[in-house]
2 protein chains.
Amino acid sequence: MDNKKLPHDHGYHNEEEIMKNMPGEDEIAGVSEAMKQLGDPSRLRIFWLLCHCEECVLNIAAIVNMTSPAVSHHLRLLKSSGLIVSRREGKEMYYRTADTELARVLHHTIEKLGRVTCPEQHA
Amino acid sequence: MDNKKLPHDHGYHNEEEIMKNMPGEDEIAGVSEAMKQLGDPSRLRIFWLLCHCEECVLNIAAIVNMTSPAVSHHLRLLKSSGLIVSRREGKEMYYRTADTELARVLHHTIEKLGRVTCPEQHA
DNA sequence: TCAACAATTAAATAATTGTTTAATCGAAAA
DNA sequence: TTTTCGATTAAACAATTATTTAATTGTTGA
């Protein structure tokens, strides 16, 4: 990581400072893990949905047009990453977005990215 | 998508409104594509680096400790997604983050998520 | 033109992962 | 208890993808 060990010296004077502030391995892992969750279109739709309402698995499956095992699989991943939480009521499991800073940041990012990637639909 | 066609009626009165505002397929695809790019730890590190400086491939490879073909692969993906741009100077290709709203939103998200997932390091 | 260097591409491999169907688990009602 | 329904798990499969080594392209200087 030492500036002097880089193959090429382009005369930049701030490389050392940048390296010093570079995120550590654990921080990279945490951030990329969160991003990875929403890097899948199916999970992104489910997460978006659960940001706006609480629903049971069968309803989620119907809304996103997937089988319930497939939905269950994605719900497990989202839950493992701390993005959603669940609650049982009788036979049904209700899922909703977690009330955490992590989930709020990601929700906010989704809304912003939606406007950036599809500006015409947000005019 | 009609409320009445959901398997279970939980008596929610706002489902129809939610469905109406649900992101379309293209918007989901665009957002998840952007997220997917940074869902890989290697690409996340490279993107973070290029948010802070412009570098040639060999230097990037040295900094993130990867082979240049591997870095080249990720650079191509990041570039295809519009997150970074490149410039040739002599034998070297210099890469840097794109000057776009998309790249800015993602950079901002990374910084925020870093603070959320590793709060102690940002105290 | 030829040699040296930077970057990309190709081929191959390994690993991960999303989805499906079938089987199982858990809770409630008959 | 048995049945029914919702949800999860298991097994299998298909598809994608990250990485490595080797070969190739492109540019500069001898």
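Just so we're clear, the structure is a prediction, and the values are computed from it rather than from any experiment. Just so it is clear: chains get the letters A, B, ... in the order the sequence lines come, proteins before strands, and each one is counted from 1.
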For this session: Report the C-alpha separation of B/D99 and B/R104 in whole Å, then their side-chain angles, then the decisive distance to 0.1 Å, and conclude whether the side chain to side chain contact (heavy atoms under 4.5 Å, CB included) test is met.
Result: CA-CA 7 Å; B/D99 185 16; B/R104 275 187 291 273; 2.7 Å; yes

Problem set entry | For atom CG of B/L77 and atom P of D/dT16, their distance in whole Å | 14 Å

Exercise. Does A/M19 reach the side chain of A/L6, with side-chain heavy atoms less than 4.5 Å apart?
Worked result: yes

Problem set entry | Parallel, tilted or perpendicular, as decided by the 30° and 60° cut-offs, for the rings of A/H8 and A/H10 | perpendicular

For this session: Find the distance between SG (B/C53) and CD1 (B/I60) and round it off to the nearest 0.5 Å.
Result: 8.0 Å

Exercise. Heavy atoms, side chains only, cut-off 4.5 Å: are B/R87 and B/R96 in contact?
Worked result: yes

For this session: Shoot me the first and last contacting nucleotide of DNA chain C against chain B, ordered 5' to 3', at under 4.0 angstrom to non-hydrogen atoms.
Result: C/dC5 to C/dT9

Seminar exercise, completed: Whichever of A/G90 and A/T67 has the more 5' nearest nucleotide on DNA chain C, that residue is A/T67

Got a list of protein N/O to nucleotides 4-9 of chain D N/O distances below 3.5 Å?
unit_1, atom_1, unit_2, atom_2, d
D/dG6, OP1, B/H8, NE2, 2.6
D/dA7, OP1, A/V57, N, 3.1
D/dA7, OP1, A/M93, N, 3.2
D/dA7, OP2, A/L58, N, 2.8
D/dT8, OP1, A/Y95, OH, 2.3
D/dT8, OP2, A/S72, OG, 2.7
D/dT8, O5', A/S72, OG, 3.1

For this session: Can you see which heavy atom on B/M35 is nearest to which on A/L106, and at what distance?
Result: CE-CD2, 4.3 Å

Which donor-acceptor pairs under 3.5 Å do the side chains of residues 21-28 of chain B make with protein atoms, sequence neighbours left out?
unit_1, atom_1, unit_2, atom_2, d
B/D26, OD2, A/Q121, NE2, 3.2
B/E27, OE1, A/H122, NE2, 3.3
B/E27, OE2, A/H122, NE2, 3.1

For this session: Calculate the interatomic distance between A/D40 atom CG and D/dT16 atom P; express it in whole Å.
Result: 13 Å

Problem set entry | Contact check, side chains of A/L83 and A/L38, non-hydrogen atoms, under 4.5 Å | yes

